[in-house]
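Reminder, nothing fancy here: chain letters follow the sequence lines and each chain counts from 1. Just so you know, these numbers use all the heavy atoms, side chains as well, and skip hydrogens, waters and symmetry mates.
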Number of protein chains: 4
Amino acid sequence: MKILFIGDIVGEPGRRAVKELLPRLRRQHELDVIIANGENSAGGSGITPKTAEEIFAAGVHIITSGDHLWDQKEVIGLLQNESRFIRPLNYPQGTPGQGSYIFQPPSQAPVAILNLQGRTFMPPLENPFTYARAEVEKLRQKAKIIFVDFHAEATSEKIALARMLDGQVSAVVGTHTHVQTADEQVFPGGTAYLTDAGFTGPHDSVIGRDIDAVVKRFLTLQPQRFTVAENGVKLQGAVVDIEETTGRARSIIRISESIPNRPVEQQS
Amino acid sequence: MKILFIGDIVGEPGRRAVKELLPRLRRQHELDVIIANGENSAGGSGITPKTAEEIFAAGVHIITSGDHLWDQKEVIGLLQNESRFIRPLNYPQGTPGQGSYIFQPPSQAPVAILNLQGRTFMPPLENPFTYARAEVEKLRQKAKIIFVDFHAEATSEKIALARMLDGQVSAVVGTHTHVQTADEQVFPGGTAYLTDAGFTGPHDSVIGRDIDAVVKRFLTLQPQRFTVAENGVKLQGAVVDIEETTGRARSIIRISESIPNRPVEQQS
Amino acid sequence: MKILFIGDIVGEPGRRAVKELLPRLRRQHELDVIIANGENSAGGSGITPKTAEEIFAAGVHIITSGDHLWDQKEVIGLLQNESRFIRPLNYPQGTPGQGSYIFQPPSQAPVAILNLQGRTFMPPLENPFTYARAEVEKLRQKAKIIFVDFHAEATSEKIALARMLDGQVSAVVGTHTHVQTADEQVFPGGTAYLTDAGFTGPHDSVIGRDIDAVVKRFLTLQPQRFTVAENGVKLQGAVVDIEETTGRARSIIRISESIPNRPVEQQS
Amino acid sequence: MKILFIGDIVGEPGRRAVKELLPRLRRQHELDVIIANGENSAGGSGITPKTAEEIFAAGVHIITSGDHLWDQKEVIGLLQNESRFIRPLNYPQGTPGQGSYIFQPPSQAPVAILNLQGRTFMPPLENPFTYARAEVEKLRQKAKIIFVDFHAEATSEKIALARMLDGQVSAVVGTHTHVQTADEQVFPGGTAYLTDAGFTGPHDSVIGRDIDAVVKRFLTLQPQRFTVAENGVKLQGAVVDIEETTGRARSIIRISESIPNRPVEQQS
Ligand SMILES: [Fe+2]
Ligand SMILES: [Fe+2]
Ligand SMILES: [Fe+2]
Ligand SMILES: [Fe+2]
Ligand SMILES: [Fe+2]
Ligand SMILES: [Fe+2]
Ligand SMILES: [Fe+2]
Ligand SMILES: [Fe+2]
């Protein structure tokens, strides 16, 4: 089974990249399941039912999220009504929405998707390590294939969680830093790993935002308006190939595909 | 001119990788200048005159550092007496040591090396953006080729600084996260860029340390002793090719080379 | 000379407390100079020309600020045109506004007011310790009496800065935590000190905000709307008595005065 | 019933203050129960069986702790064998030691003591708000009188937790900042509150440490050795008077008592 994971979709350019590139990627890699992190899909901050719908319509099966979860109020509709949209599991009991989902592809083994969020250099949530261990044990009753999106900042936290789960899940792919790392590998226990999938959106930017505003922020230490950039749009992520009978990963490769810049007159 | 930058050298395994691999890399890439980040070269924490000497003896011309600068007391000897060892520039006036160095390769253009440290998710230092701008202006009086090691955690801070310096320096390569990123590129102004060079040391680890201790730390939230790991030793970094007359980068490629594990009976 | 310093004025209730209580406090303590931190005076977040005008009209001579400086866009008008409004000094060169002001009371010695912001557990600014030392040296050419509002989170940073300035300034009073501390004292060198002045606004609250929303935030880890509370309104601060000829503090006392709750039907 | 809570005991000077002052305080305030935070009792960092024994011998019934819990390895002996020593409750399941203790004074109602640690500007632990709610419910089955030491940095987190528990516990007293606050009060539900108890040790210092080293740290941004200071030794804390039949607090007063400096020739 081949799963494509798409890194944080940023704004309209990110959604456009998914729409334009997914059909070809699906054929080329013979993809069975497509997962995407959508935490920045609405104007760069958060997600709405409308942007989620656009992403599902483009062919994505499951959407994960992260620390920008609550940026758009309308997310509550997704959390309550859309089980294909998941949030980090490690929120306190009683939080709307779910942290995992079991996707049933037609005539293939079920795939559990699990979303977690880190705590190092991030707002406090419950312990992703203890939550992960308990949830993976539960999910393994229902699915041999488990795919984890660990939304976290620190490399040590990401690698440690993945190493802890080695042999228990099919893949751990990190998100949040918006920069793709070059450490894709299959751990000895059969878990595919990549510290960060990168992001899907405009790369002539600072992690998706206009360069000048971010530079000005660091120079002046004054707040700036960070608008979503426009050019150098890429879809980034990873394709993991998994043995269906065991859930072990065979391989993981990085994906980074461009779409052409819009002609200047079209740009807003 | 071809410059090899080597990511954070971690402990004895990291120093060994430099010694074993540098001769071949030098020939293979026709290297002119070799720079290495040495902040973790002494037992994983800090640097001493002895470990620095070992690194210089292996063929490295300039050693940079970062937030682990003060971990070993003997570093003061390096700061005071060894101009080929530089620390992050953005310490207050009066701090021992230097933040930049101009290296004169035999019969080639001089190369300025500049070390800076980020402030996002890191201890407060002075502003790396304002310090960088002022220092680069000074260095450009003396060298067309300027190589920057920006030791920082956050991807946004690293990319923003590099974008700000695009066209003013030959290369900005990041260090500190110990995970190599896959975003090597030459910016439009001619500055080569890589968010993180990765690290040089044992990769069957969590960023160089024993896996079990780090996992236990995250599970229990109790301090653990983090010993330097042993296996999967790699030298990581980047080779930047620079036009000598203009200082513009022609290309940047990532480097990640392994050395064999030690036979089991030799391991301590 | 007697100086009243008023801790962070929060929203309309805070401004009301200043208006209602200042006339009596001025007579009772024979106040010569009145300084107030206004960073939360506009709806709890930031300051505008209108709220500043209200505070000046109530009898305050100088307004200081802090990390909420930029919350209201209109603050730029104050920074550019109102020298009696100061911001933390330790912003980079070129930042609008001033970090200090010399107030000339009629027929008394001039009083320099200096505003600084901490960096521990706060966004990075330039070094408040080196900035303080340099600015105090300059101000001492013009005024024997120097009053410092150090807007900072960590007790260690506040005490250390004040101890460093002992004998160089008349008083260091902290702001930002919104909880008045009980450590008022005159240091051996003659500098009056109080770690935090407290805040001026509704104390039946969590540091000025509605209790339920803040508790819910900590329980659920979801963002909440934090409205300014209404009851238990107090003016908090300190009165420092200073020898005019030397600038040494004679004494410092804490101030915490209540105004009655509004009748229920008036509350919005 | 009258309970004395003693703020963080720092080093030998702190232990000495407890020994010298407790007998008089016990008589003067007719104290029934004495609780002390001991997280800095061993040389300023952590606690050992020996320093705990000294504190118990001086008349303290229960010792609480905080983020310096693990600084001394010997603490494991206390966690395993000494039920009168408690650690923050909100560690993961399986952590050695206990987060609460029920103390039975002779011929009086039992007193439950609960220790929690904050997460704002502190290392991640489990959620103190959800842990507190669950534990208080359990403790109320066994004791009407519940005393909470909430070891936390941020004023908002401390006040919010106390407000949440108002009416459920007899008192919430904060520790960790080492500066006593002036906001002692009994909340409407009957819970006594003080944001910070202050610390017990040398106050001619920066929160217990030598002034010069801490100032130098902030000026140079280099690590310094922070030795425990010597002079201005005080015992700080609060006395809470509680109705035994209901567990409601009648009053809370702050305590800050000095012992004389040692003659100079005795000082090390
Ligand atoms: Fe994120
Ligand atoms: Fe993101
Ligand atoms: Fe580092
Ligand atoms: Fe490092
Ligand atoms: Fe503030
Ligand atoms: Fe404030
Ligand atoms: Fe503490
Ligand atoms: Fe403490």
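For residues 190-200 of chain A, a heavy-atom distance under 4.5 Å to chain B picks out A:T195, given by residue number. At a heavy-atom cut-off of under 4.5 Å, chain A is reached by B:E153, B:A154, B:T155, B:S156, B:E157, B:I159, B:A160, B:R163, B:M164 from residues 153-165 of chain B, listed in order of number. Contact residues of residues 125-133 of chain A toward chain B are A:N127, A:F129, A:T130, A:R133 (heavy-atom distance under 4.5 Å).
Salt-bridge formation is not detected for the pair B:E137/B:R140: no Lys NZ or Arg NE/NH1/NH2 atom is positioned less than 4.0 Å from an Asp or Glu carboxylate oxygen.
Here the CZ-CZ distance, from A:R209 to A:R217, works out to 13.0 Å after rounding to the nearest 0.5 Å.
Side-chain N or O atoms of A:N261 include one that pairs as donor or acceptor with a backbone N or O of A:G232 at under 3.5 Å. For the pair A:H151 (side chain) and A:G66 (backbone), a donor-acceptor distance under 3.5 Å is absent. Counting only distance, with no hydrogens or angles, the side chain of A:D8 and the backbone of A:E39 share no donor-acceptor pair below 3.5 Å. A side-chain donor-acceptor contact under 3.5 Å links A:D166 to the backbone of A:G189. Listed for the A:K216 side chain is no donor-acceptor partner under 3.5 Å among the backbone atoms of A:Q224. Between the side chain of B:D183 and the backbone N or O of A:V179, no donor-acceptor pair lies under 3.5 Å. Formation of a donor-acceptor pair under 3.5 Å by the B:S41 side chain with backbone atoms of B:I9 is not found in this model. In this structure, A:D71 contributes its side chain and A:I47 its backbone to no donor-acceptor pair below 3.5 Å. Distance alone, capped at 3.5 Å, places no donor-acceptor pair between the A:S258 side chain and the A:K234 backbone.
Contacts of B:E257 classified as salt bridge (charged side-chain N to carboxylate O under 4.0 Å, His left out), with partners at least two apart in sequence or in another chain: B:R24.
Listed options B:T177, B:L219, B:V206, B:D204 were ranked by heavy-atom pairs under 4.5 angstrom with chain A; first place goes to B:L219.
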Go through it in stages, so that I can follow the logic: the residues are A:N115 and A:T64, the test is side-chain hydrogen bond (donor to acceptor under 3.5 Å, both in side chains), and I'd like the CA-CA distance, side-chain angles, deciding distance and then a yes or no. CA-CA 6 Å; A:N115 194 188; A:T64 60; 4.6 Å; no
Test side-chain contact (heavy atoms from CB on, under 4.5 Å) applied to B:E12 and B:V228, step by step: CA-CA 9 Å; B:E12 187 278 333; B:V228 171; over 6 Å; no
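Only the side chain of A:R119 comes within less than 4.5 Å of a heavy atom of chain B; its backbone N, CA, C and O stay farther away. Contacts of A:I211 with chain B are made by side-chain atoms alone, with heavy-atom separations under 4.5 Å and no backbone atom involved. Neither the backbone nor the side chain of A:S256 comes within less than 4.5 Å of any heavy atom of chain B.
No more than 12 heavy atoms of other residues, nucleotides or ligands shown are found within 6.0 angstrom of CG on B:D212.
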